[in-house]
Amino acid sequence: AQAEAEPEVPLTKTKHTLSFRFVGREMLEGKTFQDPDLDTARAYFKSKIFMRGTGSMCARGKDMARLGAGINLYLNLQCYLIVLMAILTVLYVPAFLMATSGSRITEEEMDPLGLAKFTMGNSGSAEVATSGNTTALTNTTTFVTLAGRTMESAEASKLLTAADFLGSVVFLGFLLFFKTRIVALSHSLSDHTVSIGDFAVFVKGLPPTATAAEVRDHFSALYDLSKPSWTWKGYCGCCRINGRREPLPPVPSKSPVKDVSNTGDEQYLDKWVCEVAMATRNGSTIRVFRKMDGLLNRVTEAKYAVQRYKADSKHADAEKCRKADAKRMKLETKLIKLQKLNKLRDVESSDVVGAFVTFQHAESAYRCQSDYHYTFSTRCQPHPIRFEHKGKKYRLKVEEAPPPSDVIWENIEASKRQLCWRRTLTNGVLFILLVLSFILILLAQKQKQDFNAKLPRLDMCDVELPALAYGTYDFPAGAKLRRVRGNDDSCGDSKFFLEFYDSNDASASPVAGTTGTCTDNCLLTSDTTTCERLDGKGTYPLSTVVGCYCLNVLKEYVSEHGVFSGASKAQTDEGDLCIDSLTNYVASQSLLIVAALSVVFINVVLQRVLKALARFERHATVSHEQLSMTFKVFLAQLLNTGIIVLIVHAKLPNVNPDGTVFGDVGLFAGEHEGFGRGWYPTVGVSIMLTMLVQSIFPHMVPLGRALVLRP
């Protein structure tokens, strides 16, 4: 009858405005499809935005107060963070300039995106002292600042330490400042706005057969502002635990309920409680209705599509109409099953699990929350405030009532025992998921590390390889690698002849290597034989020699012919020797990006799973559910983004992990005992890239949905 009395809603309305009266197989039957109306869409859009689109971007005070405390705190936090980041940027300008003006990270070590150039590992440059036509590598390091002044490393370290210290002080000061601002802003908003929590409380611990009248009479009598409040001697004799010697004074200016138009129940007249809403055990029914609501919206969209593509429409498309109708029938079948399931459960429970009590005055609500909140324990609850039902006293738990939009109604009935085992189960699942993600990322990082260990060490091209070839670090300044094609045949199948020569002295003889050693002139394209550095401080694969030669060839061709033509010419001229080295080089650079994307993918999957786990915990409010999910996601992302990468690449000082459990699984079996120069282009850049992708990726899904799926 109500559906027949209501005016017909045009089909241009969105699904959010369609009511339940459009449910059924006859929905949209006989109606003509209408194209969406732009004016209607704009009006709907304005109805959903702040002040219907008339608000200023600089709005403050009462205008912003209507959005609630949470939105105000969030917007204020954004403003404070802008100021904080501006201050920290100024403090870290010296470090940024030192990094960008440095050259300690070579082109061979640089990551494909060049992020290592902005790290502290790039600060300064390794000075090369030249003597005659020989070179010697020294340990002197210098830094260049904005003013062009050159500083010794000790002086630069003092400057950076001071900047770090000031940045830490500023950040800690910001935390203290924002904490005080939260309190001040909350008080300011509470003075300008009225919330449901100012007048209402949520009561737990009521007996299942309690009635609204009993709850109303109990709280109305306790918080009658025309009389002095309750008194009680307390527990433990003279200790007077939870006792009250002096009653709170009455408030003569306050009056009881005189208008019952909100409830229409005259029994609330002259009471100090204006409404009581009982919460009963009907969570399963509510969940079924929520599922039905989602299905109804999807059925509506399917029927809307049928009308859009049917034969008499200007958008007629037989195939799309057939698919839309098949989808409609499938959804309606699911809906019918849910309706049958709901009929089986169509026995409304009257068991009380709680009550929302709204007082006539905020003073009564404040006194109620104070009395029940500040008692030592519910077991030691004062007798005057206990709820009496059928001659028995019940201890109650009272808390500020959340906003109706924040309540998850079907979860109110969850008992402490249910909440306990559900949250214990989710914490166990969370632990298992974190362990699995740890293992997956650990294996991926270890595979990447093992792959890189077999690749040429391109950071050894300029110093270590010529030093090893000449047998001394006092090698000629013009020492270079070259390929002698005429000698390739003398090396045998699949080997190529490479030698070091002095490009500055044509009369100097090239270096003759020793056959069967790491200085052999005949080399394979990808030889994984392990060789030791001249100074004994590390090893490298023999393929490093071929890799260094190919990289220099590629640089020369690119500088002479351009990127694409140079790469093509290098493949044509040196493809037989360099194709494996160049392919491995590209693969190693790509692995850095792939590793970051894999971490982000795992984080996204975990976020969806953890969101489902938070719902499974049956929190009573959306706020608590979001808090639980946020903590779990933070824990997972902290572990996956930073900690695992550090553990994989770290090496414990004076500990050899080979042959131990740590070495077998890849823990603390890396190359870095500290945060040295080599740590930044590998580990540091990996963390930077992961955080960069992680900050952008979450916005790509809604952006793609808005621009591609539903533009």
Side-chain angles (χ1 to χ4, degrees), residues 204 281-291 293-295 334 338 341 345 353-354 402 406-448 594-648 661-662 664-668 686-687 690-691 693-695 697-702:
K204 299 179 181 178
R281 196 176 301 278
N282 288 297
S284 58
T285 303
I286 296 175
R287 291 187 188 91
V288 172
F289 272 113
R290 287 190 184 277
K291 291 180 181 179
D293 184 37
L295 280 175
K334 290 183 178 180
L338 271 179
L341 178 63
R345 298 178 177 177
V353 295
D406 194 36
V407 178
I408 305 178
W409 301 98
E410 59 269 33
N411 293 346
I412 291 178
E413 65 185 44
S415 64
K416 288 184 179 180
R417 181 177 298 178
Q418 287 180 327
L419 296 177
C420 180
W421 76 260
R422 281 178 175 273
R423 291 169 192 180
T424 301
L425 181 60
T426 56
N427 289 333
V429 174
L430 173 62
F431 177 77
I432 294 173
L433 289 174
L434 291 180
V435 171
L436 289 176
S437 66
F438 182 92
I439 293 174
L440 288 175
I441 297 176
L442 184 65
L443 292 175
Q445 293 288 343
K446 192 174 185 302
Q447 290 295 324
K448 172 192 168 187
V594 172
L597 292 176
S598 65
V599 173
V600 173
F601 175 76
I602 291 176
N603 284 340
V604 170
V605 173
L606 273 179
Q607 185 172 356
R608 292 182 177 273
V609 174
L610 295 177
K611 186 175 181 180
L613 287 179
R615 288 197 299 267
F616 178 78
E617 290 180 343
R618 299 279 176 93
H619 293 277
T621 62
V622 176
S623 300
H624 287 102
E625 184 179 282
Q626 292 294 320
L627 182 63
S628 174
M629 183 186 70
T630 302
F631 174 74
K632 290 179 174 63
V633 170
F634 163 75
L635 189 63
Q637 292 189 353
L638 175 65
L639 179 69
N640 296 340
T641 303
I643 296 179
I644 296 178
V645 180
L646 290 176
I647 292 176
V648 171
V661 176
F662 286 144
D664 293 338
V665 300
L667 295 176
F668 303 109
S686 177
I687 296 175
T690 301
M691 294 179 64
V693 176
Q694 185 72 54
S695 63
F697 185 80
H699 305 287
M700 300 304 295
V701 175

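Positions are given from 1 along the sequence.
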Side chains of [X] and [Y]: closer than 4.5 Å at any heavy-atom pair?
{"X": "Val429", "Y": "Val609", "value": "no"}
{"X": "Lys334", "Y": "Lys291", "value": "no"}
{"X": "Leu638", "Y": "Phe634", "value": "yes"}
{"X": "Leu639", "Y": "Ile644", "value": "yes"}

For the student: nearest non-hydrogen atoms of [X] and [Y], plus distance:
{"X": "Leu419", "Y": "Arg618", "answer": "CD2-O, 3.3 Å"}
{"X": "Val645", "Y": "Ser686", "answer": "CG1-OG, 4.2 Å"}
{"X": "Glu617", "Y": "Thr426", "answer": "OE2-OG1, 2.7 Å"}
{"X": "Leu430", "Y": "Leu613", "answer": "N-CD1, 4.4 Å"}
{"X": "Ile286", "Y": "Glu410", "answer": "CG2-OE1, 3.6 Å"}
{"X": "Asn411", "Y": "Ala620", "answer": "CB-CA, 4.3 Å"}

Query - Partners meeting salt bridge (Lys or Arg N to Asp or Glu O under 4.0 Å) with Glu413 (sequence neighbours left out) - result: none
Requested in this report: Establish, from distance only, whether the side-chain atoms of His619 and Arg422 form a donor-acceptor pair under 3.5 Å.
Outcome: no
**Report entry** Thr641-Gln694 side chain donor-acceptor pair, cut-off 3.5 Å
**Finding:** no
Nearest 0.5 Å, what's the [atom1]-[atom2] distance between [X] and [Y]?
{"X": "Thr690", "Y": "Gln637", "atom1": "OG1", "atom2": "CD", "result": "11.0 Å"}
{"X": "Leu434", "Y": "Asn427", "atom1": "CG", "atom2": "CG", "result": "10.5 Å"}
{"X": "Ser623", "Y": "Gln626", "atom1": "OG", "atom2": "CD", "result": "8.0 Å"}
{"X": "Thr621", "Y": "Ile412", "atom1": "OG1", "atom2": "CD1", "result": "10.0 Å"}
{"X": "Arg615", "Y": "Leu610", "atom1": "CZ", "atom2": "CG", "result": "11.0 Å"}
{"X": "Thr630", "Y": "Glu625", "atom1": "OG1", "atom2": "CD", "result": "10.0 Å"}

Report task. Look only at the side chain of Asp293 and the backbone of Phe289, and say whether a donor-acceptor pair between them is shorter than 3.5 Å. Result -> no
Query raised in the report: Okay, side chain of Asn603, backbone of Asn640: is any donor-acceptor separation there less than 3.5 Å?
Result: no
**Report entry** Audit row: Leu425, Phe616, side-chain contact (heavy atoms from CB on, under 4.5 Å) steps and yes/no
**Finding:** CA-CA 10 Å; Leu425 181 60; Phe616 178 78; 3.8 Å; yes
